[in-house]
**Student:** 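The structure that follows is given in the form of structure tokens.
Residue numbers begin at 1 in each chain, while the letters A, B, ... track the order of the sequences.
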There are 2 protein chains.
Amino acid sequence: MRFSLTSQTSTDGVTEQSFALGEIPGVLFTPRGATGPRPLILMGHGGGQHKKAPGVLTGARRFATEGGFAVVAIDAPNHGDRPKDEQFIQFAGDMRARMAAGEDPTELVAAMHDLLAGQAVADWQAVVTAVQELDHVGAGPVGYWGVSMGCGLGVPLLAAEPRVRAAVLGLLGVHGLAGTAARVTVPVQFLLQWDDTRVPRDQALALFDALGSSDKTLHANPGDHGEIPAYETDDALRFFARHCG
Amino acid sequence: MRFSLTSQTSTDGVTEQSFALGEIPGVLFTPRGATGPRPLILMGHGGGQHKKAPGVLTGARRFATEGGFAVVAIDAPNHGDRPKDEQFIQFAGDMRARMAAGEDPTELVAAMHDLLAGQAVADWQAVVTAVQELDHVGAGPVGYWGVSMGCGLGVPLLAAEPRVRAAVLGLLGVHGLAGTAARVTVPVQFLLQWDDTRVPRDQALALFDALGSSDKTLHANPGDHGEIPAYETDDALRFFARHCG
């Protein structure tokens, strides 16, 4: 696949380089003026979001400036600047209808993640290889950050890809993931929102429980699905510094 | 009550002053050479332990050296250098017998904490008043750290004493504490051991849930009752720096 940088900007000490790797649109965040190898954090966005969603940007910029990390975010299959296929459009419509009707979308969410996971894992593997060839990224340790759909696609990545050696995951239940989660062995920091109206608490606790990692820690905080407190970004930064620094 | 210093030593940058406040034996940890007011952390030990138990010492010394805090630990009623009364001896014997028989000690543990709580709260209130009169402690913010029995006696303290403005708690279930926990409103970091053989997981989750605090965070880690990972001391230090620093 061809890797091409499409634009570059620098703001507040962070250089953002937009790129395309074949059909995968992405953005690479590095500390301004960075040279030489450094740890790399992959950031997976949530369902319906994209590579520059606010939650991704906030983390990426802090990881780059405060941790000195390279951070790469890509659009997941059928998200952001990527084309949507028929099957995905059908799924997304069914899910909206089910949620509007007040029904439990757990089964459909799991099925959608399963639909996307094969491509998403292949995308991340290609992206790691490509960006680690850049002089200011290099072949350092790799971490993964992703919650909600970012967790649903991250768990299969962690189970498949030994270059990723630590992950912040969360905001997702165990449905459809128990077997894959058991094959994850790297350190995990798992975020749970105590009052999550989309993910039943016992299902999220069960996903944490299912992770095969001996070194795993659960951080639960009050609030709904999207209301992760800001101090969890501090904690994620320290977690990545500990395991990938 | 009379406050008297009984001995003083300094090791590795920490001055430890043993004291008696009336019948309460305690130890005060401050950074060596400390002058002037500073935040104060109260440390409550576990059941059967005492003011210089290893888990208390490790935290106290790090809070003093790395956080610049004053830290005070006291023997709980019927523990350490304090006399044991008849009722406590009876309770402790019953509890050992029940645990040896493989029975659930939850009821008895809760009853014992209830037996000790009135005196323990009064002790802490007197100790805060006394040590804050010392020049190198002063009237700064106060935090509380206590797990297991230290949590069982800490929850009533937090419900009763407005001078304590943040707490690290955990390793205990909700039994007998739901009403008191609901009256706790200060920020809490709650530790749960995922494989705790003494505290059922759902009971510990229920105690976290019962806390009235809007700012509370649960940290769960693999391992049994006493196996809190070392990085939770780092996290406690940052938690106290954020809320009492």
**Student:** I'd like to know whether CZ of A/Arg242 has more than 12 heavy-atom contacts from other residues, nucleotides or ligands below 6.0 angstrom.
**Tutor:**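 Check passes, neighbour count above 12.
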**Student:** Is the closest side-chain heavy-atom distance between A/Asp235 and B/His219 below 4.5 Å?
**Tutor:**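 Answer yes - side chains close enough.
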**Student:** With a 4.5 angstrom heavy-atom cut-off, could you sort out which part of B/Asp202 is near chain A: side chain, backbone, both or neither?
**Tutor:**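 It is neither, since no heavy atom gets under 4.5 Å.
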**Student:** Taking all atoms of both residues into account, what is the closest heavy-atom pair of B/Pro222 and A/Ser214, and its distance?
**Tutor:**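 So the two residues come closest at CG-O, 3.6 Å.
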**Student:** Tell me, side chain or backbone of B/Phe190 under 4.5 Å from chain A's heavy atoms, or both, or neither?
**Tutor:**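 When you check distances to chain A, no heavy atom of B/Phe190 falls under 4.5 Å.
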**Student:** Which heavy-atom pair separates A/Lys216 from B/Asn221 by the least distance, and what is that distance?
**Tutor:**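 Closest pair (atom of A/Lys216, atom of B/Asn221, distance): O-OD1, 3.8 Å.
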**Student:** Can you establish whether the number of heavy atoms outside A/Glu227 located under 6.0 Å from its atom CD is more than 12?
**Tutor:**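 Enclosed: over 12 neighbouring heavy atoms sit under 6.0 Å from CD of A/Glu227.
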**Student:** Take B/Arg201 and A/Asp209 through the side-chain contact (heavy atoms from CB on, under 4.5 Å) test and state the conclusion after the steps.
**Tutor:** CA-CA 12 Å; B/Arg201 193 185 294 162; A/Asp209 193 49; 3.8 Å; yes
**Student:** Identify which part of A/Glu232 has an atom lying under 4.5 Å from any heavy atom of chain B, answering side chain, backbone, both or neither.
**Tutor:**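 Only the side chain of A/Glu232 comes within 4.5 Å of chain B.
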**Student:** If you count every heavy atom of other residues, nucleotides or ligands that lies below 6.0 Å from A/Arg198 atom CZ, does the total exceed 12?
**Tutor:**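 No, because the 6.0 Å sphere around CZ of A/Arg198 holds 12 heavy atoms or fewer from other groups.
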**Student:** With respect to chain A, which residue among B/Asp215, B/Leu218, B/Leu205 yields the maximal number of heavy-atom pairs within a distance under 4.5 Å?
**Tutor:**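 Of B/Asp215, B/Leu218, B/Leu205, B/Leu218 has the most heavy-atom pairs under 4.5 Å with chain A.
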